[in-house]
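Notes to accompany the following structure.
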Amino acid sequence: MTEWLKNSVFYQIYPQSFCDSNSDGIGDLRGITTKLDYIKNLGCDAVWINPIYDSPFKDAGYDVRDYKKIAPRYGTMEDFEHLLSEAHKRGIRILLDLVPGHTSDTHEWFEKAKSPFPSEYDDRYIFTKSVWEAPQEYRLVCGMSDRDGNYLVNFFSSQPALNYGFHDVKYPDWQFSADSPEAWATVEALKDIMRFWLDKGIDGFRVDMADSLVKNDDDKLSTAKIWRNIRKMMDSDYPDAVLISEWSDPLKSIVNSGFDADFYLDHPGNGFNALFRKKTDDDNLSFFADHAHGDIDEFLSDYLPAYWCSMDKGFISFMTNNHDMPRATFYMSDHMIKLTHAFMMTMPGVPFIYYGDEIGMRYRTDLISKEGGYARTGSRTPMQWSSEKNLGFSDADPEMLYLPVDYSDDAPTVEAQEGRGDSIYENIRSLIALRRANPELANDSEFEVVLSKSGEYPFVYKRGSFTAFINPSDEDKTVDFDTDGMKEYFFIGGFEINENNVVIRNRSFLLLRHE
Ligand code: NOJ
């Protein structure tokens with residue numbers, strides 16, 4: 001387990017929308033550099049930046065054209081190196097986004113592979129032997145190249161899948177096995193890209209669709225073998241660098257593949273949704289919904305087995321949100337969001353704050369899709385810094401902006417919330433400080449459920465000498481509890497500490513500490 005990850009709190013930056021330093025309407029690396037002190041002041045000591053590589057941006061940069069080049073709209077390699085060294089000076093680590101499963105269809109490898117003339121990249125992607133062969137079980141793009149074959153895509157049609165082989169080869173005339181030299185040549189190409197950035201001194205990668213490498217690999221055994229091989233390289237040559245997976249399956253990612261942490265994503269029916277995002281047309285059924293009646297067991301029955309199997313090897317990462325899902329404000333009031341932040345900052349795992357969530361930025365439902373964002377576009381709007389032009393994001397004319405800023409009268413800004421004791425910003429800032437000041441609340445410290453009853457509130461858990469009580473419901477709750485030696489340490493809402501019980505008021509959070 002990489003040492004520094006035990007205490008880190010991350011900030012996620014969607015570079016298009018964070019800070020525009022050259023007034024062209026889109027965020028850039030120099031803009032990020034000017035905000036490092038802000039990130040530090042918030043209490044974060046690590047940053048994950050969404051892809052900054054050269055790309056045609058059909059999927060906001062997850063369609064990489066050149067892995068070793070900075071997209072001109074974000075600046076130059078010098079700008080990146082400057083950002084990295086300024087971040088390191090402040091004790092902030094930088095993670096880039098590694099996209100291992102696919103490239104853009106404009107990547108040089110693909111340009112060569114799709115041509116009818118032989119090249120060294122002919123097996124870098126997955127082509128059928130002829131265009132007349134198109135088995136329905138695969139997502140194939142048909143008849144789009146002069147090479148006589150259809151190709152497999154990983155996500156959008158502009159993102160051809162790289163060839164890491166098939167775990168279970170069904171069509172031997174065009175599928176390579178996961179052990180084939182052709183598949184391992186792709187692994188070596190990926191390692192070369194990783195080395196390029198790690199040699200520059202970055203602190204690791206968030207890994208996009210980490211489970212997507214080998215095809216027909218239901219149990220992910222061959223995919224895990226690749227990541228273990230990469231882990232070996234990291235352990236021997238970059239022992240301080242970390243790999244954090246977009247996978248949401250800690251057994252496969254952390255235990256079997258050697259990832260340092262794995263995101264708890266909003267997968268259908270899982271514990272993340274049960275906590276924060278379980279909404280139907282006419283009801284909000286998550287545990288943290290306003291007027292909540294969600295079930296904590298739906299979370300625990302999913303989370304605990306994953307936590308137990310991975311706790312000695314890596315971390316499950318809670319995030320306030322990310323660039324792929326509606327912001328929390330779409331589901332909850334600002335008050336309830338504060339409770340979720342209290343929960344995340346007192347649970348084990350590596351916490352991630354998505355830019356703007358620290359001030360409760362809204363999810364916008366009125367925007368046209370941008371760069372393959374579709375419904376995700378509403379969570380990718382410019383950061384709201386101040387009351388200045390474009391809310392401090394950019395000096396450009398408003399119509400030039402990558403996405404419009406939130407022009408509503410009550411749009412939250414950092415400026416309006418800084419120093420205001422009851423703001424979302426000051427709430428999360430205090431919580432981060434509290435987590436970082438207390439080793440018992442560290443990412444890897446003990447965690448124990450004290451009270452959880454299916455369909456009932458509150459939820460009570462212990463971290464060393466701390467006990468946290470969370471009651472998002474509309475009713476006050478009384479918990480039998482020996483309060484001898486316990487003192488309140490942090491709270492949101494109201495409570496009462498009696499000799500043998502604790503009353504936790506409705507919509508409240510309380511952290512007690514044994515003195
Ligand atoms: C997951 C990324 O988070 C998402 O934004 C992207 O569209 C897909 N992977 C494809 O790379």
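Throughout, numbering of the chain's residues begins at 1 and tracks the sequence. Everything numeric in this text was worked out from a predicted model, so none of it was measured. Remember, it's 1-based here, ligands and their atoms both numbered in the order they're listed.
For the pair R73 and F57, the cation sits on the ring face: its NZ or CZ lies under 6.0 Å from the ring centre, inside 45° of the axis. A cation-pi arrangement is absent between K114 and Y125 under the rule of less than 6.0 angstrom and at most 45 degrees off the ring axis.
If you look at ligand 1, the protein residues with a non-hydrogen atom under 4.0 Å away are D59, Y62, H102, F155, R206, D208, M209, E246, H323, D324, R376, R380.
Checked against a 6.0 Å centroid threshold, the rings of F299 and F287 do not count as neighbours.
Applying the salt bridge (Lys or Arg N to Asp or Glu O under 4.0 Å) rule to pairs touching residues 213-222 yields nothing, sequence neighbours excluded.
Take F288 and apply the ring-ring contact (aromatic ring centres under 6.0 Å, His included) test, not counting sequence neighbours, and it matches F276, F343. With sequence neighbours excluded, no residue forms a salt bridge (Lys or Arg N to Asp or Glu O under 4.0 Å) with D148.
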